[in-house]
Amino acid sequence: MMKPTLLHFFLILLFTLSSLPNATWAVGTIIFTTLGRSRFNFDIFSLPITASASRLAVHLHNERQLTDGVSVNFNGFFPSLSSSSYLASLLPSSSFDSLLYVTERNGSSAIFLNLLPSSQSARRAALEYPARLQFSLVSMPDDVAAGSAPTISTKDRPSLSGDFLVYVSTHQPSPFPRQSSAAVYSTHLPTGLTRRLTPSGVADLSPAVSPSGTWTAVASYGAAGWSGDVEELLTAIYVFRTEDGSGRTLVIDHGGWPCWADETNLYFHRRSSDGWWSIYRATISIETTAVSLESIVRITPPGFHAFTPAASAGAPGIIAVATRRKTSEFRHIELIDMRGGSSNTYVELTRPVVPYSHHFNPFISPDGSHVGYHRCRGSGNGNPSLLLENIKSVAPDSFSLLRFDGSFPSFSPDGKKIAYVELPGLFVVNSDGSGRPRKVFSGNAFPTAWDWKRKGVIYTSLGPDFASESTDVDIISITLPDDDDDDDENSQPSIKKLTTGGKNNAFPSPSPDGKWLVFRSGRTGHKNLYIMDAVDGESAGIHQLTEGPWSDTMCNWSPDGEWIAFASDRDDPGGGAFAIYMVHPNGTGLRKVAHSGSGGRTNHPWFSPDSESLVFTSDYAGVSAEPISNPHQFQPYGEIFTVDIDGSNIRRLTHNSFEDGTPTWTPFFLEPVDVAEYLDGGAICSFDDWQWLSIQAQFSQLLPGTSC
Ligand SMILES: *[C@@H]1O[C@H](CO)[C@@H](O)[C@H](O)[C@H]1NC(C)=O
Ligand SMILES: *[C@@H]1O[C@H](CO)[C@@H](O)[C@H](O)[C@H]1NC(C)=O
């Protein structure tokens with residue numbers, strides 16, 4: 001990778017000015033964080049099962065990795081080879097199986113098809129992974145005009161019915177703010193013709209096609225839309241014709257993740273009124289013109305969580321589910337054998353194989369012989385994790401977009417270094433990935449901002465984040481030793497405390513002349529913005545910039561010095577909604593720049609290098625996947641957007657089902673390529689499952705003999 005230099009920057013600038021005379025985009029690079037995602041490293045695995053009349057057995061020693069260890073690979077589906085002439089035409093011989101899945105390689109979400117040597121010859125062939133047997137099926141639907149700005153989107157939950165690929169995509173924006181653009185599409189693979197099956201203005205998730213292919217069930221927000229939930233989305237299950245989306249009928253008013261056992265029995269999950277996530281079976285009747293619900297039966301009892309069910313016509317009476325039980329800190333896949341009549345039998349699938357890893361979203365092959373799922377491949381198997389992951393940019397000539405593995409990143413003024421937070425501690429790493437990250441402060445620091453004039457000075461705040469107005473949090477500056485001294489063990493950063501009064505002083509951002517620091521403080525009992533002396537701190541001068549009984553926070557000073565952008569809940573203090581405002585440093589010109597839908601959030605504004613636009617994080621695009629199908633995310637709705645400072649031209653930069661946040665923007669152009677990171681062992685895959693699935697925390701009072 002080329003080191004970003006000043007010369008490089010000017011070349012890019014010249015190129016951009018000459019080739020895009022009307023471009024309103026600033027040159028440079030935006031980087032952001034996605035909670036946990038840089039270390040997820042998902043691959044799809046499978047285990048063979050046999051279901052004899054008397055017994056259901058899992059062949060625990062025959063786990064097979066079905067994807068290649070590149071990027072994240074998840075939400076798989078085994079197509080039925082016999083029902084698709086398109087698939088049959090791709091197969092080199094009949095001794096191949098196939099797998100559909102979602103992958104995020106190459107900076108965007110795409111649906112891939114792998115052709116896999118069938119089990120007998122699997123071991124060797126899987127090791128020498130035949131790349132030519134891996135196809136990108138859908139990355140860009142054909143209804144996006146060729147030559148227009150690149151469209152970025154999430155793809156999710158693929159399945160194949162005949163020659164039709166049915167899947168979720170977010171490429172068409174919702175007409176409403178704070179609504180998901182997730183909708184179900186079908187693509188006819190031989191011709192590439194794509195059709196939207198979800199009505200306009202509605203969001204559908206988790207599609208499942210019935211065994212005959214005639215009907216598709218989805219978890220839908222319906223007309224009411226997303227209400228801001230991040231645990232259970234409170235979706236309803238609708239059924240419509242796969243062919244054209246017609247006959248759309250509400251069949252289950254509370255449920256998600258539907259799957260079909262046969263043409264009239266659907267399994268789904270919901271959080272039961274007793275608090276446990278449980279599997280239910282709905283029996284529906286289908287007349288030629290209408291679908292109606294006959295009955296709903298709860299399958300899994302209280303005492304453990306069961307969710308994300310999968311069924312197959314080839315395994316009648318058996319479903320695969322993910323569970324959280326008291327016996328494990330991890331999410332595992334189990335089979336439920338319901339063929340015994342009065343009592344169901346549970347068979348563990350993944351815990352005996354890989355006990356200390358979360359396993360997600362099972363699926364069963366059409367012949368009932370294999371169960372697939374995804375989990376982390378671990379650190380020793382596959383490509384290295386990434387410090388910077390290239391993400392497809394909506395304006396590649398204007399800026400590159402990269403995911404950074406660390407919170408609250410910010411660039412040094414020369415673009416060569418990135419400061420970031422990985423609690424507890426503040427680190428500095430070279431932006432070209434060379435060398436090891438250097439811990440420059442150990443303590444609960446957030447966020448980071450570099451002084452524009454004084455070399456190696458980083459501002460942060462020290463104390464708990466997400467804390468009340470009366471918490472002790474102070475702003476500090478960290479002065480790094482000269483670069484020349486990097487190898488000198490004795491050259492330690494020097495720390496200076498800048499705030500001396502008041503509580504909850506945080507989010508410092510320096511003025512471009514290096515003289516002032518804007519920050520938020522809870523010193524009056526409310527969080528408002530203040531400006532103080534950047535070098536000597538509060539004791540050398542402070543004045544209040546905003547004032548009112550609300551929260552102003554996350555401030556950022558524009559590179560031209562004219563504006564301070566910040567997030568504020570002043571429209572409904574304490575109501576949870578945040579809008580982005582701007583104000584001149586002298587207190588005049590206050591205005592609202594961006595907000596999301598009712599109750600929505602826009603946070604963490606950061607100015608573009610030309611001070612003409614802002615990058616920020618928002619729930620403007622709702623939630624694109626059922627949260628329970630992913631690892632823990634505090635705010636699964638977080639996506640990155642830009643807006644011009646006059647409030648126009650809101651553009652969505654990221655599409656995924658994880659929490660994107662804390663963006664920053666540098667004038668220096670980083671090449672749009674992945675940069676591997678140096679990691680100490682053990683750091684991979686150590687992410688958490690949802691706290692609300694923890695039985696110890698939530699249900700200890702219900703369980704005899706637990707103490708916590
Ligand atoms: C996608 O990324 C891989 C490496 O992960 C690379 O080898 C390949 O050339 C890329 N493909 C495209 C189309 O950019
Ligand atoms: C406040 O600052 C803005 C921006 O620099 C400037 O245009 C305006 O004249 C200033 N107003 C006063 C009253 O100083």
Side-chain angles (χ1 to χ4, degrees), residues 13 17 23-28 30 410-411 413 447 449-454 457 459 475 477 498-499 502 505-524 526-571 578-595 602-616 641-650 663-667:
L13 187 65
L17 291 179
T24 55
W25 290 87
V27 178
I30 293 171
S410 68
F411 283 90
W450 295 72
D451 193 277
W452 296 85
K453 298 286 185 203
R454 291 187 296 145
V457 174
Y459 302 99
I475 291 177
S477 62
L498 298 178
T499 42
N505 304 300
F507 290 99
S509 178
S511 60
D513 62 9
K515 292 187 172 138
W516 306 105
L517 209 51
V518 63
F519 65 104
R520 75 108 202 270
S521 174
R523 56 188 63 207
T524 60
H526 304 290
K527 291 174 182 168
N528 291 133
L529 302 187
Y530 295 77
I531 292 176
M532 69 175 165
D533 188 282
V535 181
D536 294 320
E538 180 175 348
S539 60
I542 181 168
H543 74 269
Q544 187 162 0
L545 179 65
T546 64
E547 185 172 359
W550 51 67
S551 287
D552 301 322
T553 185
M554 302 173 183
C555 33
N556 183 254
W557 207 310
S558 66
D560 66 4
E562 289 287 299
W563 291 104
I564 288 161
F566 59 102
S568 177
D569 71 350
R570 57 181 62 207
D571 298 320
F578 278 82
I580 290 174
Y581 280 80
M582 296 197 326
V583 64
H584 287 307
N586 62 13
T588 66
L590 178 81
R591 69 170 193 246
K592 179 147 74 176
V593 187
H595 63 101
T602 47
N603 288 113
H604 295 292
W606 197 289
F607 277 97
S608 61
D610 66 0
S611 303
E612 292 297 323
S613 43
L614 290 161
V615 64
F616 62 99
F641 297 80
T642 56
V643 62
D644 293 352
I645 58 168
D646 64 5
S648 67
N649 201 17
I650 290 189
T664 187
W665 204 332
T666 174

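Read the numbers this way: they start at 1 and go in the same order the structure lists the ligands and their atoms.
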* Asked: Short check: is a protein heavy atom less than 4.0 Å from atom 5 (O) of ligand 2?
  -> yes

* To do: Would you check whether His584 has a nitrogen or oxygen atom less than 3.5 angstrom from a nitrogen or oxygen atom of ligand 2?
  => no

* Ignoring hydrogens and geometry, is there a side-chain-to-backbone donor-acceptor pair from Ser551 to Lys527 under 3.5 Å? -> no

* Cationic tip of Arg520 above Phe566 ring, under 6.0 Å, 45° of axis -> no

* Asked: Nearest protein heavy atom to atom 1 (C) of ligand 2, by residue and atom, and its distance?
  -> Asn586 ND2, 1.4 Å

* To do: Evaluate the criterion side-chain contact (heavy atoms from CB on, under 4.5 Å) for residue pair Ser611 and Trp563; output intermediate values, then yes/no.
  => CA-CA 8 Å; Ser611 303; Trp563 291 104; 6.0 Å; no

* Looking only at protein heavy atoms, identify the closest one to atom 13 (C) of ligand 2 and say how far it is in Å. => Thr588 CG2, 4.2 Å

* **Mutual orientation of the aromatic rings belonging to Phe641 and Phe616 [parallel < 30°, tilted 30-60°, perpendicular > 60°]** => parallel

